[in-house]
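These notes are about the structure you will find just below.
Atom set for the values below is all heavy atoms of this structure, side chains included, hydrogens, waters and symmetry mates excluded. A, B, ... follow the sequence lines: proteins, then strands. Residue 1 opens every chain.
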There are 2 protein chains.
Amino acid sequence: MINPSVSIEDYLGAIYRLQRKDGQPLPLGDLQEHFGFSPISIHEMVQKLVQRGLAVYIPYKGVLLTLTGSTTAEALIRRHRIWECFLSNELAVPIDEAHQLAGDLEHAAPDWITERLFNHLGQPSFCPHGSAIDELTSTPVGISIANGQAGRTYVISCISPENSNSLQIAREAGILPGSSLTIIEKKNGNIEIEINDQKKQLSEDDLAYFWGMDMTDGS
Amino acid sequence: MINPSVSIEDYLGAIYRLQRKDGQPLPLGDLQEHFGFSPISIHEMVQKLVQRGLAVYIPYKGVLLTLTGSTTAEALIRRHRIWECFLSNELAVPIDEAHQLAGDLEHAAPDWITERLFNHLGQPSFCPHGSAIDELTSTPVGISIANGQAGRTYVISCISPENSNSLQIAREAGILPGSSLTIIEKKNGNIEIEINDQKKQLSEDDLAYFWGMDMTDGS
DNA sequence: ACAAATGATAAGGCATGCCTTATCATTTGT
DNA sequence: ACAAATGATAAGGCATGCCTTATCATTTGT
């Protein structure tokens, strides 16, 4: 409790990231999908969070973080994003690998070290995939590219939600915050885009991870 | 084995650092003193190293690392020292805290990341307490200050062996590699020194951790 | 409204890395 | 050479975070 274990921290982070903005409890099924553990293991760990006063569990509904849980999760995610900045900006690690490694480093480095790192990095505002470091709960800027219109060009603001899958897709497609992305054509679940002067086909589901602002002239 | 656990790595590192240069086995008592675990736990873990082909155990004598064990330990210690450089040089973390934190980070970051960090840092030759990064087995330069002579001035080359105790003493006394240290007087186990224009009293045992070269004029 | 789907929970298991207690073997000092 | 000190090892325990199997409760869709 005083020192949450790595597992406890991972659960806190997952709940924080997966939670609904409307304050509704997060179904355990969502956590199960996220971690790939058995429902019983998820249930056990949630009970531990409850015991430690980090979460509240409403049977048949889901989990909610308490204020303590939420605060702890925020500190964790802040550490996570600062490490991502370091790995990406200073060591040129691709964003999907940076995300994964930050998941280990965030547990190893205490807050005060991470704050020094934050200053060392020049107090960046955003992590490499575009999430804000100081306003964790801010919603993505613009619209999801899956909802974009053919013929329009969008400047990517962020990749959200941040997970191994979305960041791997981003790396493979070469789409980063700041990239200009043009929608060429949409047809039955697939979208043809132009990015970095290259034409690509991506599924609507994959493009839902990308958020951006319409930068087409006159719009 | 393919992925040694944190504990296994810690044992490898400890054995490598504590091992005799003459190739004699390291008594388990030394490991016990280092970790503060029970003799049985030490014995159990050593058996695990043996099972994994990382060490050889000679009953009533001690442990020896195999080639694999030695190589793995060297990679670990190299990672350790590179992280120490980062924490000390870039984030201005005191060397004793850097040592401790590096003990966590070394397990979290894989070799390839650490190599990028090494390059990012400008391929430093020495870690903050003066141990070589590329020649792990090199013996300290000069003599141990505990064996120094009154009236002589030494430039500190390194603090060895590197452990929480020695590095904490170094930080508290303000002694770092590169520091000039003058021995004022030696009397019954205590040594009076001048460092950074300040006079201090340290025990012979504590000063044994510091190594340096005699820089007195004309010597 | 009721069956089917989903969720909760009890019981028991496993690996890891620690622990204590107790017994037996070897080495060491005088 | 023999007692005392040290080391080895067996047996059993504990917390953590996973697992499977099985049973019971609630919610959901039609």
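Listed by chain and number, the residues in a side chain to side chain donor-acceptor pair (under 3.5 Å) with B:Q168 are B:E172 (sequence neighbours excluded). A search for salt bridge (Lys or Arg N to Asp or Glu O under 4.0 Å) contacts involving B:E162 returns B:R17, B:R81, not counting sequence neighbours. Under the salt bridge (Lys or Arg N to Asp or Glu O under 4.0 Å) criterion, A:E204 pairs with no residue, sequence neighbours left out. Residues satisfying the salt bridge (Lys or Arg N to Asp or Glu O under 4.0 Å) test with B:D111, not counting sequence neighbours, are B:R79. Considering only residues two or more places apart in sequence or on other chains, B:Q149 meets the side chain to side chain donor-acceptor pair (under 3.5 Å) condition with none of them. B:P161 pairs by the side chain to side chain contact (heavy atoms under 4.5 Å, CB included) definition with B:N163, B:Y209, not counting sequence neighbours. The side chain to side chain contact (heavy atoms under 4.5 Å, CB included) test applied to A:L121 returns A:I82, A:C85, A:F86, A:E90, A:L117, A:P124, not counting sequence neighbours. A:D10 is linked by a salt bridge (Lys or Arg N to Asp or Glu O under 4.0 Å) to nothing, counting only residues two or more places apart in sequence or in another chain. In terms of the ring pair (Phe, Tyr, Trp, His ring centres under 6.0 Å) criterion, A:H129 has no residue partners (sequence neighbours excluded).
One atom, CG of A:L31, and another, P of D:dG17, lie 15 Å apart when rounded to the nearest Å. One atom, CD of A:E9, and another, P of D:dG17, lie 11 Å apart when rounded to the nearest Å. Rounded to a whole Å, the NE2 atom of B:H107 is 12 Å from the P atom of C:dG17. In this structure, B:D10 places its CG atom 16 Å from P of C:dT16, rounding to the nearest Å. With rounding to whole Å, A:K48 atom NZ is found 8 Å from D:dC18 atom P.
Salt bridge status for B:R20 with B:D30: present, with a side-chain N to carboxylate O gap under 4.0 Å.
In terms of position on DNA chain D, the residue among A:S38 and B:G29 whose nearest nucleotide sits closer to the 5' end is B:G29.
Within residues 39-47 of chain B, the residues approached by DNA chain C to less than 4.0 Å at the level of any non-hydrogen atom are B:I40, B:S41, B:E44, B:M45, in residue-number order.
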Q: At under 4.0 Å between heavy atoms, which parts of nucleotides 24-30 of chain D does protein reach? Answer with one letter per nucleotide, 5' to 3': B base, S sugar-phosphate only, - none.
A: -BSS---
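A close approach under 4.0 Å does not occur between any side-chain nitrogen or oxygen of B:S7 and OP1 or OP2 of C:dT16. Using a 4.0 Å cut-off, no side-chain N or O of A:Y11 falls inside it from OP1 or OP2 of D:dT16.
Put simply, the side chain of A:S179 never gets that close to the backbone of A:I156: no donor and acceptor are under 3.5 Å apart.
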Q: Using Watson-Crick or G-U wobble pairs with both distances under 3.5 Å, give me DNA chain D in dot-bracket, 5' to 3', with [ ] for crossers and | for pairs to another strand.
A: ||||||||||||||||||||||||||||||
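Residue B:F35 is classed as having no contact, given no heavy-atom separation below 4.0 Å to the nucleic acid.
Each of C:dG17, D:dG17, D:dC19 was ranked by its minimum atom distance to the side chain of B:S5; first place goes to C:dG17.
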